[in-house]
Amino acid sequence: MLGKLLKYDLRSVGRFWWIAMLTMIGASFSTAVSYRLYLELSMSQVYLSGENNVLIALAMMALNIISIISLVVIGASLIFVAALIYVRYYKHLFTDEGYLTFTLPVSRRQIFFSKLVNAGIWLLLSELVLFACAMVMIVIVIPSYGKGIIAVDTLRSMIQSILDDFRNLGFWMVLQVILSVLVTVSATMLSVGVVYFCITLGATVAKRAKIIVGIGTYYLIDVVTRIFGTALGIVPMVWVIAVFLKFSETNIHLFNGATSIMMLMLFAIVSLLAAFFHCLTLNILERKLNLS
Amino acid sequence: MNNIRKISLALALVIIIESLFSVSVFADNNPFAVWSVSDDKTELTNESEGIKYHRYNTGISVDSEPSITYVYANGVNYDDSYYGYEAAICQNPEYKDAVWIEGYYGDDIFVTDKGERELEAFISGDVGSFYLSDVDVYRLKISPETVEELDRALHDGTNTQSFDVRELGMTVKNEVYQILAMDKSQTFTYVYGAIYKLGVGEYWYVNYYELGNEYFDADGNFSYRRGSVTMTRIEDAEAINSMLADTSYFYTEYVYENDGSTPDGETDETGTWVLIWIIYILCFVLPAVPMIIVGFILPFIKKLGKPGYWFIFMAFAILWLIAALLLAVLLIALMII
């Protein structure tokens with residue numbers, strides 16, 4: 001039953017997700033090409049010679065505006081996907097639709113778990129697409145000195161550099177890539193956990209203006225974590241920089257070992273925080289949610 | 001009255017003599033080594049220990065790179081490049097037969113007679129050790145046999161090719177690795193040879209030591225202006241990749257006499273390590289402990305939901321502690337190294 005629940009959740013977001021991603025990919029090309037044209041124009045002889053300055057200035061302004069609007073579209077696509085997921089969570093559990101949802105032959109824990117996995121999958125896929133768009137923008141924007149639109153040399157040297165790292169570091173590189181993926185997944189789940197907690201708290205605790213209470217709770221958590229994170233994080237950050245400088249002065253295996261362990265620690269801390277928020281949310285759903 | 005005058009005069013004399021004596025005592029009580037330089041700047045003398053050093057012209061570019069450089073507090077008036085300040089005298093605390101004055105264009109080396117013999121032998125080829133270096137930042141000690149093998153391949157004509165140095169200079173983009181020769185006292189180095197990376201997995205070796213002066217500029221660096229050099233291709237590229245991956249960061253630690261250090265003393269890092277461990281325990285270990293306790297206790301509080309969820313919380317806290325303990329092991333290894 002959980003599988004069916006997940007399938008429907010995935011399908012309902014997926015219907016719109018691919019449109020948002022295509023928009024993002026299109027916008028990233030638009031950003032890259034317009035900014036690249038802007039750079040080429042600014043370095044061209046026509047511009048530097050001072051002739052037709054007004055026309056060229058207008059063209060450059062237009063290109064700049066296009067690239068800025070395209071960047072905004074990229075951001076909006078991501079926000080759209082997030083909004084889709086979170087609005088669906090709220091509607092399915094805390095509005096009239098919630099009556100239907102909670103009559104299904106699945107426990108509240110399974111419903112929540114389905115929503116969690118659904119959010120995680122789509123957000124991670126969106127991050128992957130965003131990364132691909134960033135790569136596209138890099139290889140198009142970096143001028144290739146008249147050799148073509150795409151900086152093939154840049155791409156080749158980036159790939160070569162990654163392959164050299166794999167050859168030199170081997171096991172460490174693989175381990176650190178795996179740990180990076182784990183940290184990314186846990187960070188995504190933490191951000192989902194915080195939002196779900198805020199929505200759940202607003203929907204169950206507040207009698208009126210539930211959405212505003214939810215947003216307010218999120219803002220409060222965000223501000224508090226920023227303040228405390230900055231204040232408490234300075235000393236550990238300085239410690240990490242100083243100690244890892246010492247590690248880098250010794251042996252490459254010791255340095256990479258220490259780096260991998262720090263990444264593992266980061267994964268554990270972020271996962272712990274994510275688990276904390278998920279546990280709280282689940283507790284509210286199971287004990288405090290009263291749909292009547 | 002006469003007696004009082006006599007006693008007063010005697011007391012005054014005693015006080016004056018004592019004052020003069022105490023001033024002279026303080027004048028001689030210079031806690032730091034005193035150095036002097038001859039008028040022609042060719043002789044340096046450590047007046048406190050009575051050791052004389054004469055300037056030695058090495059003929060090739062030699063750098064002073066011990067792992068610890070001891071800097072004496074008292075310097076000497078050396079030349080105008082110091083803008084009226086005294087030039088500081090440096091020494092490897094483990095090697096007393098040489099000192100040097102660091103200059104913008106290179107170090108001026110001063111040696112005792114024994115130091116001169118040893119330095120001459122080093123420059124003539126009596127090398128203590130070899131290092132593979134990434135432009136003097138990362139280094140790995142390599143065996144003399146490795147260098148001998150490279151030289152043998154070069155002399156045998158095994159897979160050799162002649163390169164125009166101008167083309168070499170244009171092709172190479174920061175992919176040059178130096179082979180440094182270091183003397184037995186681990187104080188001085190010169191660039192013995194170099195390995196050029198001219199393509200993926202393509203390493204070529206050249207012996208600088210056997211080249212004439214026309215291949216080097218005024219600072220002693222290899223010049224890419226004219227001439228051609230014979231290089232041999234290194235067959236085992238994987239071995240070079242492995243050596244480069246094993247290089248570690250090299251730096252010279254400066255220890256100053258006026259900080260209270262002595263040439264024979266070691267730098268005291270105890271305070272630094274105490275701080276590192278305190279911050280480590282407070283920031284990385286201790287926070288995990290209450291999380292484990294909370295994760296253990298909460299499942300038993302019925303109001304807070306089912307136990308399974310909180311045990312997941314506890315599991316991640318335990319993982320955090322395990323990672324912290326592993327890092328502690330590496331920190332201990334770092335302290336020992």
- request: Using only heavy-atom distances, determine whether the side chains of B:Glu235 and B:Asn159 contain a donor-acceptor pair under 3.5 Å.
  value: yes

- line: So, the part of A:Val238 with a heavy atom under 4.5 Å from chain B: the answer is neither

query: Ring centres of A:Phe277 and A:Tyr196 under 6.0 Å apart?
result: no

query: Checking heavy atoms, do the side chain of A:His278, its backbone, both or neither come under 4.5 Å from chain B?
result: neither

field: Contact leader toward chain B among A:Ser271, A:Ala242, A:Ser260, A:Ala275, where contacts are heavy-atom pairs under 4.5 Å
entry: A:Ser271

query: What option among B:Leu326, B:Leu319, B:Ile276 has the most heavy-atom pairs under 4.5 Å with chain A?
result: B:Ile276

query: Can you tell which of A:Ile269, A:Leu264, A:Leu266 has the highest number of heavy-atom pairs within less than 4.5 Å of chain B?
result: A:Ile269

- line: With chain A, the option among B:Leu321, B:Leu275, B:Ile322, B:Ile279 that has the most non-hydrogen atom pairs under 4.5 Å is B:Ile279

- request: Name the region of B:Leu244, side chain, backbone, both or neither, that has any atom closer than 4.5 Å to a heavy atom of chain A.
  value: neither

- request: Decide whether B:Ser185 and B:Glu94 meet the rule of one side-chain donor and one side-chain acceptor closer than 3.5 Å.
  value: no

task: Check A:Val195, A:Val194, A:Leu201, A:Thr200 against A:Cys198 for a side chain to side chain contact (heavy atoms under 4.5 Å, CB included) and give me the one that passes.
output: A:Val194

task: Looking only at non-hydrogen atoms, find the nearest pair between A:Met189 and A:Gly120 and report the distance.
output: SD-CA, 3.7 Å

message: Using heavy-atom distances under 4.5 Å, tell me whether B:Met314 contacts chain A through its side chain, its backbone, both, or neither.
response: neither

field: Contact class of A:Leu282 relative to chain B, heavy atoms under 4.5 angstrom
entry: side chain

query: Is it true that B:Phe284 and B:Trp320 have ring centroids separated by less than 6.0 Å?
result: no

message: Tell me if the centroids of the rings in B:Tyr192 and B:Phe130 come within less than 6.0 Å of each other.
response: yes

